[in-house]
Amino acid sequence: MRNKILSDQRKVFGDFEVVDFVDDAAVAALRGRLDVDVPLDLHWSWEYGSEVEELRNLYERGKKGQWNAEADIDWSLPFPREEWFMPQSGALLLPSILTAMGVDEETCREAAWDEFAHLISQLLHGEQAAMQLCGQLTNACPLMDQKFYAGSQVIDEVRHVEVLSKFLQRKMGTLHPIDPTLKILLDMLLEAPTWKLKTLGMQTLFEGMAVGIFDSIAKATTHPLLRDIIRRVQIDESRHAAFGILSMRQVVRQSSTEEIQEMEDFAFSILEALNANQQLDMLRLLGPKYGLDPENVVQSTLSMPEWPALNSEIFMHTVMPNLMRLGLITERTEADYRRMGMIHGDRFESGHELPIVN
Ligand SMILES: [Fe+2]
Ligand SMILES: [Fe+2]
């Protein structure tokens with residue numbers, strides 16, 4: 001039986017169970033939890049040569065792919081608040097709804113600005129978690145190839161924290177605090193007891209989600225500064241997701257049926273909780289400013305016939321194909337993923353070769 005994360009924050013909308021934080025004091029307490037007790041194994045290795053060639057190759061690619069978030073980005077490009085940097089509809093939730101309601105363009109643009117600053121803020125907080133978690137992995141992973149790669153990923157994640165925080169500070173002027181659902185889930189990954197679960201959680205689940213989100217921004221934006229930043233981060237993130245797959249492939253091969261089921265359940269419960277929020281954290285923060293009731297927005301979104309197709313896009317980009325490829329989605333979880341709009345369509349029919357991210 002799988003445990004449902006955030007069971008105290010659940011409420012039922014039709015046949016869908018959402019995660020909705022409505023207690024401001026509880027949210028503030030979560031954000032104030034700066035010190036996290038983390039169990040951490042440390043393993044020495046005396047094997048300095050490479051044991052997993054693909055991992056060492058990935059490390060070499062990472063070294064060649066380094067860039068400088070201060071010097072290589074043209075920070076002189078303006079990012080004006082009064083110009084669209086995304087399509088008015090289809091890319092972000094708030095401007096899409098407001099446009100459909102016939103709200104004036106200036107208000108729609110302001111909503112896009114707010115929602116985007118919120119999205120980049122959440123990605124930034126996720127980058128900080130990735131930076132911390134990769135530091136843990138350099139200690140906890142048993143192989144020198146993994147330590148090399150995780151160590152090199154730390155500097156990549158530092159650079160992502162740097163570039164996204166500078167973008168928010170210099171171009172948007174706003175930094176939103178972390179969403180409560182995200183804080184809970186990131187803490188769970190950082191607190192996970194084994195390097196295997198940490199690698200699965202951060203490298204496969206969150207890196208996979210990040211690749212999907214960054215790719216959707218890169219495709220939607222028309223702004224050269226934003227496109228350049230996202231493209232650079234995206235290339236690094238694809239490498240990180242590949243590290244997750246290479247490491248996890250070996251882990252799964254060496255695991256018992258019970259351990260594999262534990263990993264399958266861990267992946268499902270994290271992704272289910274993430275999906276169950278349905279942007280309610282963002283809507284609680286920004287909806288009222290635009291006269292939108294968070295619950296109404298989510299209920300009407302969930303009732304749209306095209307909702308499963310739209311909702312599954314980010315999941316189907318990288319996370320689901322990679323989990324399927326690893327054998328971590330089976331008949332035990334697939335139907336539930338489909339029911340919750342995370343898997344959609346027939347892309348996972350047997351015999352279909354799934355792409356690996358590299
Ligand atoms: Fe990153
Ligand atoms: Fe990453």
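By convention here, the first residue in the shown sequence is residue 1. Order of appearance sets the numbers: ligands from 1, and atoms from 1 within every ligand. Predicted, not measured: the structure shown is a model, and the values here were computed from it.
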J.: Specify whether Tyr149 and Phe243 have parallel, tilted or perpendicular ring planes, treating 30° as the upper limit for parallel and 60° as the lower limit for perpendicular.
T.: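 It falls in the tilted class, 30° to 60°.
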J.: Taking distance alone, no hydrogens or angles, what donor-acceptor pairs closer than 3.5 Å link side-chain atoms of residues 36-52 to residues at least two apart or in another chain?
T.:
{"from": "Ser45", "atom 1": "OG", "to": "Glu47", "atom 2": "N", "distance (Å)": "3.2"}
{"from": "Glu47", "atom 1": "OE2", "to": "Gly49", "atom 2": "N", "distance (Å)": "3.0"}
{"from": "Ser50", "atom 1": "OG", "to": "Asp145", "atom 2": "OD1", "distance (Å)": "3.0"}

J.: Would you say the side chains of His160 and Glu157 form a donor-acceptor pair under 3.5 Å?
T.: yes
J.: Measure from NZ or CZ of Arg56 to the centre of the six-membered ring of Phe148 and say whether it is under 6.0 Å with the direction within 45° of the ring axis.
T.: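 Yes.
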J.: Can you say whether the rings of Phe167 and Phe116 are parallel (under 30°), tilted (30 to 60°) or perpendicular (over 60°)?
T.: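 The arrangement is perpendicular - the two ring planes meet at more than 60°.
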J.: Taking the six-membered ring for Trp, is the centroid-to-centroid distance between Tyr337 and Phe315 below 6.0 Å?
T.: no
J.: Have a look around the Fe ion (ligand 2) and list protein N/O/S atoms under 2.8 Å, or say none.
T.: Glu157 OE2, Glu207 OE1, Glu207 OE2, Glu237 OE1, His240 ND1
